[in-house]
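Remember, it's a predicted structure, so these values are computed and weren't measured experimentally.
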Amino acid sequence: MYSIKEEFIKEIEVEHSRFIGIVKPITNKDDIKQIISEIKKRYPKAKHYCYATIIDNFQKSSDDGEPQGTAGRPMLDLLIKSDLNNVLLIVVRYFGGILLGASRLLRTYVETADLTIKSADLYKICNGFSYHITTSYNNYDAIIRHCKSNALLVENTQFNENVELEVFSETDIINQFKEQFYQDTKIEYVNSKVIYKKVEE
């Protein structure tokens, strides 16, 4: 599953109508109304403010006056297909005076939404565990190599009397570390944790 950390915007024009796609991070469904209100202030006098959102198990969409099923639901389907979570996708439409018809309208909303999502920096949502490792300076280089080769994320390092590291892993690594670094190394489970890993192009 994936998410974003910041807002991204993409705009297209079809038959003099402007379609402005905005995708934003969101973690609380109670924030939807406020964000839509802010978008309306940012883009005043637009005809429609259609949106779709997924926040964990909560899903919602709105056609905001467009023909039923031409905007909000297809945008939500796109979020589901893109495996996105904790995002709010909005498409603002300034009506250009020419009716597009339901099928073309649907395609245009989906195209705007798709371009907006593709413009965003995506992050993989990783569920895992945080560990505190205390080791000797002699073991430090070997532990760093081990972390890199096993996709373990070293989040913090302190060099005191010993070396202390905060490490994130998507799997339990306690037995693995105890077997490989049984001398001068102590590993402790800290807590469960969720992190965002940037998806490289």
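- Once rounded to the nearest 0.5 Å, the distance linking CG of Leu78 with CD of Glu111 reads 11.5 Å.
- Residues satisfying the side-chain hydrogen bond (donor to acceptor under 3.5 Å, both in side chains) test with Asp56, not counting sequence neighbours, are Asn85.
- Leu100 places a side-chain heavy atom less than 4.5 Å from the side chain of Arg93.
- For CD of Glu161, the number of neighbouring non-hydrogen atoms (other residues, nucleotides, ligands) closer than 6.0 Å is 12 at most.
- Looking only at distances, a side-chain donor or acceptor of Asp172 sits under 3.5 Å from a matching main-chain atom of Ile174.
- The aromatic rings of His146 and Phe177 sit perpendicular, their planes meeting at an angle over 60°, well past the 30° parallel limit.
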Discussion item. Go through it in stages, so that I can follow the logic: the residues are Lys193 and Glu166, the test is salt bridge (Lys or Arg N to Asp or Glu O under 4.0 Å), and I'd like the CA-CA distance, side-chain angles, deciding distance and then a yes or no.
Written reply: CA-CA 12 Å; Lys193 191 172 183 180; Glu166 300 295 332; over 6 Å; no
Worksheet entry | Check against salt bridge (Lys or Arg N to Asp or Glu O under 4.0 Å), Lys197 and Glu170 | CA-CA 12 Å; Lys197 284 185 180 179; Glu170 294 182 55; 3.6 Å; yes
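- The backbone N or O of Asp63 lies less than 3.5 Å from no partner atom in the side chain of Tyr109, so there is not a single donor-acceptor pair.
- Side chain of His132 to main chain of Glu188: no donor-acceptor pair is present (N/O by atom type, distance under 3.5 Å, no hydrogens or angles).
- Donor-acceptor pairing under 3.5 Å is recorded for the side chains of Thr185 and Asn139.
- Geometrically, Lys5 does not engage Tyr196 in a cation-pi contact, judged by NZ or CZ lying under 6.0 Å from the ring centre and within 45° of the ring axis.
- Side-chain N or O atoms of Ser37 include none that pairs as donor or acceptor with a backbone N or O of Lys33 at under 3.5 Å.
- In this structure Lys10 satisfies the salt bridge (charged side-chain N to carboxylate O under 4.0 Å, His left out) test with no other residue, sequence neighbours excluded.
- Between the Asn28 side chain and the Asp30 main chain, a donor and an acceptor come within less than 3.5 Å of each other.
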